[in-house]
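The structure under discussion appears below in the form of structure tokens.
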Amino acid sequence: MSYNLLKGKRGIIFGALDENSIAWKTAIRAHEEGGAFVLTNAPVSIRMGQIDQLAKITGSEVIPADATSEDDLKNLVEKSMEILGGKIDFVLHSIGMSINVRKGKHYTDQNYAWTQKGTDVSAISFHKVMQTLYKSDAMNEWGSIVALSYMAAQRVFPDYNDMADNKAYLESVARSFGYFFGRDKKVRVNTISQSPTATTAGSGVKGFDGFIAYAEKMSPLGNASAIDCANYTITLFSDLTKRVTLQNLYNDGGFSNMGVSDAVMEAFIDKQ
Ligand code: NAI
């Protein structure tokens, strides 16, 4: 169902790799809600993924940008304003990658070159995106910027590895940059802390299937899906949430406030 929540708004959506991507679902929903936007991803992901298909469905253009490259980001922001015909109202940062996770390197045995690369891609890129938008005065007043996070930023999830630290960094950047963006440009900045979701990035985490099943049983409403995340993001892009900023907002079916659930307890109670 469409409510025209983004009618007349212009955006940039990072991170749609394939149809499982949270950014993909968000682009579909943003299009349904009347928003116009540019899609972007790293050049290699554009070659490997299916973003052109999404561009066709949503009538969008694709501009390649490695989110760790300031030059690429500058080019992206300039071109997006040209293509869309004005300043930007909404931005989704949906980017994450850890080489340590990908190559099975344990948290207690990090390859620090990989750790740094992962931090650059997963967390510092969010600062770079915002600094580029801020310096080129590319955001409209009452615009909204959202990045996607995970609860390993606050609690221990052993197999999430260095991505836990990257998410803590990401959430901190949202608050720190969000202050200046709010004060100077009336732009809000938030992170959504999402349930485990079956995507390329999500499934790369060791033991993901067991973990997603555990989270499902712990959450009174069950895990939030990628489309749930897309819908929540749309509300944050809309004018209905104008003074929500500097927040890390849980979209997790209640998981983050649970101690234990009946369904999980059942696995531990003696069955004579
Ligand atoms: P995904 O694999 O579909 O998306 C990750 C995206 O990051 C890909 O499109 C990839 O091309 C992009 N990316 C990687 N390096 C890049 C670079 N240098 N420049 C630009 N883009 C780059 O997976 P998903 O799950 O949709 O991930 C989106 C966000 O949601 C990530 O921040 C992830 O950490 C977060 N998240 C995912 C959860 C899950 O369980 N899937 C749970 C909570 C948060």
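Order of listing sets the numbers, starting from 1, for every ligand and every atom in it.
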Could you go through ligand 1 and list every pair where one of its N or O atoms sits under 3.5 Å from a protein N or O, giving the atom names and the distance to one decimal?
from, atom 1, to, atom 2, distance (Å)
ligand 1, 2 (O), A201, N, 3.0
ligand 1, 3 (O), S21, OG, 2.6
ligand 1, 9 (O), G15, O, 2.8
ligand 1, 9 (O), N41, ND2, 2.9
ligand 1, 11 (O), N41, OD1, 2.7
ligand 1, 11 (O), N41, ND2, 3.3
ligand 1, 11 (O), S45, OG, 2.6
ligand 1, 18 (N), D66, OD1, 3.0
ligand 1, 19 (N), A67, N, 2.9
ligand 1, 21 (N), N41, OD1, 3.3
ligand 1, 23 (O), T199, OG1, 3.2
ligand 1, 25 (O), T199, OG1, 2.5
ligand 1, 26 (O), I22, N, 2.9
ligand 1, 32 (O), I95, O, 3.0
ligand 1, 32 (O), K167, NZ, 2.9
ligand 1, 34 (O), K167, NZ, 2.8
ligand 1, 40 (O), T197, N, 2.7
ligand 1, 40 (O), T197, O, 3.3
ligand 1, 41 (N), T197, O, 2.9
ligand 1, 41 (N), T199, OG1, 3.1

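Taking a cutoff of 4.0 Å between a charged side-chain nitrogen and a carboxylate oxygen, E78 and K74 qualify as a salt bridge. A salt bridge does not link K105 with D162: every distance from a Lys NZ or Arg NE/NH1/NH2 to an Asp or Glu carboxylate oxygen is 4.0 Å or more. Ionic pairing of E32 and R29 is present here: one or more N-O contacts between side-chain nitrogen and carboxylate oxygen are shorter than 4.0 angstrom.
Annotation: Y150 is in aromatic contact with F157 [ring centroid separation under 6.0 Å].
By the side chain to side chain contact (heavy atoms under 4.5 Å, CB included) test, A174 is found to be paired with F126, V189, T191, residues two or more places apart in sequence or in another chain being considered.
Between H93 and F14, the two ring planes are tilted [angle within 30° to 60°].
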